[in-house]
Structure formats: C-alpha cells, structure tokens
Amino acid sequence: MFELGKKQTLTVVKEVDFGIYLAEEPEASVDERVLLPKKQVPSGCRIGDALEVFLYKDSKDRLIATTNTPKITVGEVGRLKVSQITKIGAFLDWGLEKDILLPYKEQMGKFNEGDEVLVTIYVDKSSRLAATMNVYHCLSTDSDYKKDDTVTGTVYQIHEEAGAYVAVDDRYSALIPKRELFGKIKVGDVVRARVAGVKADGKLDLCVREKAYIQMVKDARKLVEIMNDLGGALPFTDKAAPELIRQETDMSKNEFKRAVGNLLKNGKIVIEEDRIRLV
C-alpha cells in the first residue's frame, strides 16, 4: 500500500521514455504503480531494483515519486521557510519542486514571506499533503530534561487560559503557564527558559524567569533603570494594583515587592506616600 507523505522502498517494474514505474510487487497492476520521472531516475537503475522514494502529489494532483528528500515528512516537526503568501494560505519550501500549502485555518500566528514557521505535515480530507502549525500531537514527551535545566524552544500556540505552548528543541512538548508569562511572547518566538517541573506524562512546565532569589536581584536592577528613566522615582508604591505594576514593570506584584525590599534593604530607595524614590 502506498504511503502518501512518507518514504518507502519500492521495486522498479517498468521502464518508459519519461521515467520508470515503481510498485510494491513485480506483478502489480497499472493502478498499483507510481511514476518516478526520468530526471529522478538514478544512473544504471534497472527493472527489479529496489529504490527508496518519497511519495507526494504533483501539480495535477497525481501521485508521484521522488528520490529527493523533503525537510520533513508526515508526522515530523520542523521549521520551513515561507516562500509565498496567497489568498488560500502560505506556501512553504520543504525541499521539493512543489511547495507545500499551509492553509489559513492551520495558521496560529502572523508571519511574512521569508520567515520560518514551525509546522508538521499531514494528509488532509482531500488526500493531499498540507502543513499545519498545530504540532501539539506530534511532539514527544520522553526528553531527558530535569527540573532547573535550561532549554530552548519555539512558541507555537498561545492559549488565553493555559499559557504559551512551546516545542522544546522543536521536538518536546512544553508549556509556559499563564502565571509565568512575562513580556510580549508571541507565536514563532524562540525562548530560553528554565524547566520548572516535569509532569507525570513527561510534558515540561517552563519558566522564563530565574529562581526567585536570582530574579529578585535582576528585578531590582530593572527598577533602578525604570526610575532613572522616569527622573528618579516611580509614581506608585508596592501597594499599587497588580495590573498597574505588571503594566509598568512587567513583574507580578510579589516580584515587585521582593525587588523593592531588596533596594530598601540596601538603602537605594525611599518609599513615600505615593511614590518610590531613588536615594
């Protein structure tokens, strides 16, 4: 049985002027054969030889074989460059003559021609190969990463309630929980993070900030920079609403209070009724 979108080894059963026909069995019927175009035929290839080929569909929607290797096959995850954006979706360069379509309904973020997007390949309802940015089901959960390891991954989906889904090493399933999201993280971003925990099913929980005692020092420095930019003082104190603190400092209220406490302890600030001032 032919496997669309995958490599398989087939036998040469017939030679013609425009190429060779391949099949699983030497006695295969016409309907059980697939063409390998002449320019793809290896030198010296004869009837009865076995060839490893990749099966896809040509521009006329006919099943065809190639000895070229695509950058990713069905079920694999990888980065592909956007070669063209059209009314039906984006076309991605995956290493074959015919680019592969990333339909609009399978897109999870904005991008431009020339950008790289993290995708997997699937067979759609019309038995055609297509790309999707929904790679969740293709990611592995058997990484060797442990708590406090530093990892790098690609953000492939932002969920309003759960957080940012990340493909660590573009291979392993991970999540930055909503409570850990800081800054303007968006789909396609490559993030460096710390493993905050490994779930029972092997999925990773990530944190983009350091451990509290390390982050506190960094946040304290950041507050000093912010106050310097504002003329030497913050126009609010640690009693401000969490939303205001996050908006102005990109910190949670607890992180802000820890940083303020660090600066206060070191004699670098004074807390007044409605502001925090550098000494």
Once you round to the nearest 0.5 Å, how far does [atom1] of [X] lie from [atom2] of [Y]?
{"X": "R277", "Y": "E272", "atom1": "CZ", "atom2": "CD", "answer": "4.5 Å"}
{"X": "I271", "Y": "K239", "atom1": "CD1", "atom2": "NZ", "answer": "9.0 Å"}
{"X": "E27", "Y": "E32", "atom1": "CD", "atom2": "CD", "answer": "10.5 Å"}
{"X": "L92", "Y": "I121", "atom1": "CG", "atom2": "CD1", "answer": "7.5 Å"}
{"X": "I245", "Y": "D250", "atom1": "CD1", "atom2": "CG", "answer": "12.5 Å"}

Under a single-linkage definition using a 4.5 Å side-chain heavy-atom cutoff for Ile, Leu, Val, Met, Phe, Trp and Tyr, are M108 and L102 assigned to the same hydrophobic cluster? yes

Go through the structure and list residues passing side chain to side chain donor-acceptor pair (under 3.5 Å) with [X], not counting sequence neighbours.
{"X": "T69", "value": "K7"}
{"X": "T9", "value": "none"}
{"X": "T73", "value": "E76"}

I'd like to know if the side chain of [X] reaches the main chain of [Y], judged simply by a donor and an acceptor atom lying under 3.5 Å from each other, with no hydrogens or angles considered.
{"X": "D124", "Y": "S126", "answer": "yes"}
{"X": "N266", "Y": "N262", "answer": "yes"}
{"X": "K203", "Y": "S173", "answer": "no"}
{"X": "R171", "Y": "S140", "answer": "no"}
{"X": "E106", "Y": "N134", "answer": "no"}
{"X": "E3", "Y": "Q8", "answer": "no"}
{"X": "D58", "Y": "K60", "answer": "yes"}
{"X": "K222", "Y": "T249", "answer": "yes"}
{"X": "Q40", "Y": "T66", "answer": "no"}

Report yes if the side chains of V82 and N112 come closer than 4.5 Å at any heavy-atom pair, otherwise no. no

V166 versus Y172: any side-chain heavy-atom pair under 4.5 Å? no

Please list all pairs passing the ring pair (Phe, Tyr, Trp, His ring centres under 6.0 Å) test where one or both residues lie in residues 255-279, with sequence neighbours left out. F236-F256

Once ring pair (Phe, Tyr, Trp, His ring centres under 6.0 Å) is applied, what residue pairs with a partner in residues 103-122 remain, sequence neighbours excluded? none

Would V119 and M133 count as a side chain to side chain contact (heavy atoms under 4.5 Å, CB included) if you check the C-alpha gap in whole Å, the side-chain angles of each, and the deciding distance to 0.1 Å? CA-CA 5 Å; V119 296; M133 293 175 73; 3.9 Å; yes

The criterion is ring pair (Phe, Tyr, Trp, His ring centres under 6.0 Å); which residues satisfy it with F2, sequence neighbours excluded? none

Can you list everything that forms a salt bridge (charged side-chain N to carboxylate O under 4.0 Å, His left out) with [X]? Sequence neighbours excluded, please.
{"X": "K125", "result": "none"}
{"X": "D238", "result": "none"}
{"X": "K199", "result": "D205"}

Can you give the donor-acceptor pairs under 3.5 Å from side chains of residues 45-55 to other protein atoms, not counting sequence neighbours?
| residue | atom | partner | partner atom | Å |
| --- | --- | --- | --- | --- |
| D49 | OD2 | R46 | N | 2.8 |

Co-members of the apolar cluster containing F91 [side chain, <4.5 Å]: I88, L101

Show which residues join V13 in its hydrophobic cluster (side-chain heavy-atom contacts under 4.5 Å, direct or indirect), or state none. V16, F18, Y21, L35

Closest contact, heavy atoms only, V190 versus T154: CG2-OG1, 4.2 Å

